[in-house]
Amino acid sequence: MGRAIFITGTGTEIGKTMATSFLCTALRKLGMKATVFKPIQTGLAEQSALFADQYWYEAVMGEERESTGMYYMEPAVSPHLASAMTHTIIEPEKIKRKINELKAQHDVVLVEGAGGLAVPLIEKGAEFYMTKDLIRECELPVVIVSLAGLGAIHHTLTTVTYAEKHHIDIVGFVFNHFDSENIIHVDNVRTIQKMLDLPVIAKLPTLRQPSKENIEKLAADLLRDEALQKMLLGGLSIEV
Ligand SMILES: Nc1ncnc2c1ncn2[C@@H]1O[C@H](COP(=O)(O)OP(=O)(O)O)[C@@H](O)[C@H]1O
Ligand SMILES: [Mg+2]
């Protein structure tokens with residue numbers, strides 16, 4: 001039985017899909033059987049009739065359709081609103097079952113969330129079922145993807161505080177659009193590590209052309225870091 005890890009972010013459009021693709025590629029390079037799963041997708045890709053992340057995982061990364069998605073809703077809005085608009089009933093139990101199926105077939109299952117931890121998935125009477133509730137129900141630890149630039153300290157601190165409030169385990173951070181020449185980026189990573197004492201799994205640069213080939217190259221490059229290798233070979237497990 002493998003492990004499943006939830007990939008969340010400090011916001012939308014900050015690189016969850018990029019980080020998930022990178023981690024999956026790097027895990028496979030180390031000989032692990034890894035897969036991605038994006039249970040809830042909203043909004044179509046610009047250049048395609050496919051959903052944005054489905055387009056990326058299937059058409060660009062070449063992933064199998066069966067594991068890339070479950071609920072597809074066309075409006076590019078929050079899942080709770082998209083499901084109301086499209087009369088889609090999201091069943092967390094079904095997502096959990098699928099994650100368990102994928103775990104039985106893989107060493108690591110990377111589950112990409114929609115938006116961040118405080119995103120509502122289902123509105124039921126006076127209650128909202130949130131992304132953090134799905135994470136708790138599926139008993140998943142999270143990787144937090146953050147931008148590296150101005151604002152990253154606030155965004156990571158608030159996300160971590162919210163995760164801790166809801167007893168969600170954090171594997172570590174992936175910083176996206178990281179520029180090692182930028183003093184803000186370098187100091188943000190240092191400050192966040194010092195304040196929160198959580199592992200920095202990887203710092204991903206901005207790729208001129210995001211493609212499968214360039215992610216493969218980036219993974220080969222970053223895997224020279226033994227700490228990253230160790231973390232991935234341990235299935236991104238949380239150090240106690
Ligand atoms: N490191 C990067 N280099 C180049 N483009 C990136 C990088 N990270 C993200 N992007 C681009 O930015 C957009 C949003 O990234 P994505 O990973 O889809 O974010 P999210 O999944 O958090 O919504 C996509 O078009 C993606 O190709
Ligand atoms: Mg995404």
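Counting starts at 1 for both ligands and their atoms, following the listed order. Here, residue 1 is the first one in the sequence, and each next residue gets the next number. Just so you know, these numbers come straight off a predicted model, no measurement behind them.
Heavy-atom proximity to G15, at under 4.0 Å, picks out these atoms of ligand 1: 15 (O), 16 (P), 17 (O), 19 (O), 20 (P), 22 (O). Per-residue contacts place E112 under 4.0 angstrom from the following atoms of ligand 1 (heavy atoms of the residue considered): 21 (O).
Looking only at heavy atoms of the protein, atom 5 (N) of ligand 1 is closest to P210 CG, 3.5 Å. From the protein, the heavy atom lying nearest to atom 17 (O) of ligand 1 is M18 N, 2.9 Å. Atom 3 (N) of ligand 1 has as its closest protein heavy atom L207 N, 2.7 Å.
The number of heavy atoms from other shown groups lying within 6.0 Å of CD (E64) does not exceed 12. The local environment of CG in D197 is sparse, with at most 12 non-hydrogen atoms from other residues, nucleotides or ligands closer than 6.0 Å. When the shell of 6.0 Å around CG of L207 is examined, it contains more than 12 heavy atoms from other residues, nucleotides or ligands.
The shortest distance between side-chain heavy atoms of R3 and S237 falls below 4.5 Å. For the pair V174/I144, no side-chain contact is recorded, criterion being any heavy-atom separation below 4.5 Å from C-beta on. A heavy-atom distance below 4.5 Å is not found between the side chains of K98 and K94. Looking only at side-chain heavy atoms (C-beta outward), V36 and E63 come within less than 4.5 Å of each other. Taking 4.5 Å as the limit, every side-chain heavy atom of H177 sits out of range of all side-chain heavy atoms of P205. Using a 4.5 Å heavy-atom cutoff, the side chains of V109 and V111 are in contact.
Annotation: G11 places no N or O atom under 3.5 Å from an N or O atom of ligand 1; distance criterion only. Considering both main-chain and side-chain atoms, I14 comes within under 3.5 Å of ligand 1 through a nitrogen or oxygen pair. For E13, a nitrogen or oxygen atom sits less than 3.5 Å from a nitrogen or oxygen atom of ligand 1, counting backbone and side chain alike.
A side-chain contact (heavy atoms from CB on, under 4.5 Å) with T20 is found for one member of M61, E112, K38 and no other, namely E112. The only option from I95, T68, L121 that meets the side-chain contact (heavy atoms from CB on, under 4.5 Å) definition with P39 turns out to be I95.
Under 4.0 Å from ligand 1, the heavy atoms of P205 that appear belong solely to its backbone. For L204, no heavy-atom contact with ligand 1 is shorter than 4.0 Å. At a heavy-atom distance under 4.0 Å, only side-chain atoms of N176, from C-beta outward, approach ligand 1.
Under a hydrophobic clustering in which Ile, Leu, Val, Met, Phe, Trp and Tyr are joined whenever their side-chain heavy atoms come within less than 4.5 Å, directly or via other members, F178 and L196 fall into the same cluster. Residues L102 and I7 do not share a hydrophobic cluster, defined by chaining ILVMFWY side chains whose heavy atoms lie under 4.5 Å apart.
Distance check on atom 25 (O) of ligand 1: every protein heavy atom falls at or beyond the 4.0 Å cut-off. Within a 4.0 Å radius of atom 11 (C) of ligand 1, the protein contributes no non-hydrogen atoms.
Shown are the protein N/O/S atoms under 2.8 Å from the Mg ion (ligand 2), given by residue and atom: T17 OG1, D53 OD2, E112 OE2.
For the pair R208 and ligand 1, no heavy-atom separation below 4.0 Å is found.
Nearest-residue assignment for atom 2 (C) of ligand 1 (options H177, E46, K16; heavy-atom criterion): H177.
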